[in-house]
There are 2 protein chains.
Amino acid sequence: MNFNLAAVNAASQKGSAMSQMQNVERQLREMILGLEVGPGEKLTERWIEGRFGASRTPVRAALLRLETEGLVARDGRGWTVSPINLAELEQIAVYREAVEVAAVRLTCSSADTSAVDVIEAMLDSCDENTPREEWHRVGMDFHIELAHLSGNEFLFRAVRDAMTRLSRARWLEVRDEAALGRAWAEHRAILAAIRLGNAEDAARLLSAHIVGSRDRLVTSLANDRRGLRARGFAVVAA
Amino acid sequence: MNFNLAAVNAASQKGSAMSQMQNVERQLREMILGLEVGPGEKLTERWIEGRFGASRTPVRAALLRLETEGLVARDGRGWTVSPINLAELEQIAVYREAVEVAAVRLTCSSADTSAVDVIEAMLDSCDENTPREEWHRVGMDFHIELAHLSGNEFLFRAVRDAMTRLSRARWLEVRDEAALGRAWAEHRAILAAIRLGNAEDAARLLSAHIVGSRDRLVTSLANDRRGLRARGFAVVAA
DNA sequence: TATACCATTTTGGGATACCAAGCCGGTATC
DNA sequence: GATACCGGCTTGGTATCCCAAAATGGTATA
């Protein structure tokens with residue numbers, strides 16, 4: 001929330017056929033997910049307007065869409081960047097468990113294991129030289145792509161939306177190398193079970209992975225809550 | 001899609017503090033769900049504007065929200081009332097199965113059975129004198145309220161949104177008395193299992209109910225497809 | 001008759017003007 | 001000094017205007 005992107009925006013718009021609304025929506029989403037605007041921070045339509053060099057019409061459209069994604073919320077008459085809500089994170093984990101397990105069971109029941117290799121390659125693309133931001137992205141895309149394999153559009157969207165809501169919290173999470181390694185091992189174990197068409201194992205491993213991730217995430221954020229609030233990030237307790 | 005509601009709208013607005021946007025959104029949603037505008041029909045912002053006596057700003061906001069509900073869709077540059085899509089109905093059933101079963105398992109694991117009575121009372125409120133429209137609404141609310149019992153906001157919203165998408169198709173479905181009776185019996189059996197805290201039974205019964213409903217629904221619509229299209233309703237095959 | 005082409009209209013996207021409600025700061029009063 | 005009040009300023013909600021692109025329809029030509 002520091003320098004003006006209007007010029008950059010205008011330039012990038014030249015190259016693509018992207019509408020102002022899509023532009024504002026995408027950039028504002030990136031700012032929120034990238035924590036360039038803090039959870040709980042107030043937003044005014046006029047500030048966004050000036051920041052991105054667009055008028056209020058596309059700004060309002062973007063806000064309405066981001067509201068349905070849970071990234072911004074109405075605050076009385078105005079707008080707020082949604083706070084991190086620990087109770088919500090726990091509920092999302094339950095939701096994820098339901099839809100991701102259903103998706104992976106579907107995938108196991110189909111005979112197509114070739115797409116699993118693509119996902120495994122995604123995991124392989126991360127090594128000790130990979131920036132943390134990339135690990136973060138791949139860790140989310142793993143689950144999204146896994147759900148995509150099921151071929152069910154609704155399960156896919158559910159997982160994608162859930163991961164979007166989790167994104168900022170996962171980024172704030174204090175994770176050590178060991179935790180990342182464990183997560184990757186669990187991801188690989190899930191893929192292995194799918195390759196064997198073993199739905200029960202895959203479901204059990206995925207379920208445990210989601211529950212474990214939730215516990216680590218909520219614990220980490222609850223411990224860091226004071227520090228996060230000091231940085232201006234609203235973190236609502238469970 | 002025949003007479004002008006602008007005056008009625010203005011009058012109803014007087015009594016409540018509802019904004020134009022909420023007004024347009026609610027009324028347009030009711031028109032779509034009530035099949036007053038047919039699936040597949042083209043919508044123009046200007047027509048909606050004139051119809052509800054609101055300017056384009058709230059109209060556009062309403063369309064954006066209804067788009068995320070899946071009730072309207074972009075059609076190139078314009079808008080369309082979403083067609084009935086049999087493939088989508090089948091995918092929604094899979095999605096419902098995942099989230100509703102998860103919700104009912106959660107509910108069974110809690111010790112509160114008192115709320116079940118409220119839902120049972122809902123079912124009881126329908127008898128041979130009840131208009132079909134009411135059966136239709138209660139049949140949907142049963143599932144929505146059941147998910148609400150879980151206490152998980154995301155499972156609840158998922159079921160509510162899924163039922164919203166199914167609403168028009170269920171309304172078009174040709175259902176005999178016997179089918180309705182069977183559905184109600186299945187609903188009651190599910191509640192009975194929940195009362196006993198028997199999660200496995202509840203899950204199995206609910207799952208079978210959803211799959212059975214889907215089969216009857218898709219079969220009915222596929223058989224009626226020609227007739228429905230003749231009535232101007234776009235029905236996309238599976 | 002079929003088709004390519006052009007003028008006109010329609011339509012969604014965006015920008016802007018206006019308004020009422022709420023917020024904030026200052027001031028006067030107790 | 002605290003507080004109640006008031007006036008201006010900010011802000012979201014709405015209406016309206018403009019524009020480019022797409023649809024439409026009529027016409028001329030092959």
Side-chain angles (χ1 to χ4, degrees), chain A residues 1 4-29 32 37 40-68 71-82, chain B residues 1 4-29 32 37 40-68 71-82:
Chain A
M1 207 159 173
N4 193 302
L5 271 182
V8 179
N9 181 16
S12 77
Q13 194 191 347
K14 222 182 294 177
S16 70
M18 189 172 288
S19 69
Q20 287 277 44
M21 194 207 94
Q22 292 170 317
N23 239 330
V24 174
E25 180 187 340
R26 192 174 45 77
Q27 295 194 47
L28 186 55
R29 184 188 294 111
I32 294 172
V37 289
E41 212 165 308
K42 292 262 189 297
L43 288 176
T44 70
E45 297 183 355
R46 257 104 179 177
W47 179 83
I48 302 169
E49 179 184 12
R51 176 63 192 277
F52 298 113
S55 75
R56 288 179 63 207
T57 307
V59 167
R60 288 181 54 92
L63 284 170
L64 284 171
R65 305 194 136 246
L66 293 176
E67 185 188 16
T68 71
L71 297 184
V72 303
R74 288 211 130 81
D75 169 51
R77 207 159 132 278
W79 298 94
T80 313
V81 179
S82 298
Chain B
M1 208 161 174
N4 192 303
L5 272 182
V8 179
N9 180 18
S12 76
Q13 194 191 348
K14 222 181 295 178
S16 71
M18 189 171 288
S19 69
Q20 287 279 42
M21 194 206 94
Q22 293 169 316
N23 238 330
V24 174
E25 180 187 339
R26 192 175 44 77
Q27 296 193 46
L28 186 54
R29 183 188 296 108
I32 293 171
V37 288
E41 211 166 310
K42 292 263 187 299
L43 287 176
T44 70
E45 296 183 356
R46 260 116 177 166
W47 179 82
I48 302 169
E49 178 184 15
R51 176 62 193 276
F52 297 114
S55 76
R56 286 178 65 207
T57 308
V59 167
R60 298 195 58 196
L63 283 170
L64 284 172
R65 309 197 128 230
L66 293 176
E67 185 188 16
T68 71
L71 296 185
V72 302
R74 287 213 131 76
D75 168 50
R77 206 159 132 276
W79 298 95
T80 313
V81 179
S82 298

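Computed from heavy atoms alone, side chains included, the values below leave out hydrogens, waters and symmetry copies. A note on names: the letters A, B, ... follow the listed sequences, proteins ahead of strands, and every chain is numbered from 1.
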**Message:** In whole Å, I'd like the distance from the CG atom of A:L64 to the P atom of D:dG12.
**Reply:** 13 Å
**Request:** For B:T80 and B:G40, work out which heavy atoms get closest and say how close.
**Result:** CG2-O, 3.2 Å
**Fill in**
For B:S82 and B:A73, the nearest pair of non-hydrogen atoms, with its separation, is OG-N, 3.8 Å
Review item, side-chain donor-acceptor pairs of residues 57-65 of chain A, under 3.5 Å, at least two apart:
{"residue": "A:R60", "atom": "NH1", "partner": "A:E45", "partner atom": "OE2", "Å": "3.2"}
{"residue": "A:R65", "atom": "NH2", "partner": "B:E67", "partner atom": "OE1", "Å": "2.4"}

**Item:** A:L43 side, atom CG; A:I32 side, atom CD1 - distance, nearest 0.5 Å
**Value:** 6.0 Å
**Asked** Of B:R46 and B:S55, whose closest DNA chain D nucleotide lies nearer the 5' terminus?
**Response** B:S55
**Request:** Return the value, rounded to whole Å, for the distance between atom CH2 of A:W79 and atom C1' of D:dG13.
**Result:** 11 Å
**Asked** Taking only side-chain nitrogens and oxygens of B:Q22, does any of them come within less than 4.0 Å of OP1 or OP2 of D:dG13?
**Response** no
**Request:** Please round to the nearest 0.5 Å and tell me the distance separating atom CG of A:L28 and atom CZ of A:F52.
**Result:** 5.0 Å
**Message:** A:R46: which residues meet the side chain to side chain contact (heavy atoms under 4.5 Å, CB included) condition with it, sequence neighbours left out?
**Reply:** A:T44, A:E49, A:R56
**Fill in**
Atom CE of B:M18 and atom C1' of D:dT14 are separated, to the nearest Å, by 17 Å
**Request:** Pull out every residue in residues 56-63 of chain B that has a heavy atom closer than 4.0 Å to any atom of DNA chain D, ordered by number, or say none.
**Result:** B:R56, B:T57, B:P58
**Item:** Derivation and outcome, side chain to side chain contact (heavy atoms under 4.5 Å, CB included), residues A:W79 and A:R74
**Value:** CA-CA 5 Å; A:W79 298 94; A:R74 288 211 130 81; 3.2 Å; yes
Atom pairs under 3.5 Å, N or O on each side, protein against nucleotides 21-23 of chain D: can you list them with distances?
none

**Message:** Rounded to the nearest 0.5 Å, what separates atom CZ in B:R26 from atom CZ in B:R29?
**Reply:** 9.0 Å
**Asked** Within this structure, what is the CG-to-P distance between A:D75 and D:dG12, rounded to whole angstrom?
**Response** 10 Å
**Prompt:** Going 5' to 3' along DNA chain C, which nucleotides are the first and last within contact of chain B (any atom under 4.0 Å from a heavy atom)?
**Reply:** C:dT11 to C:dG14
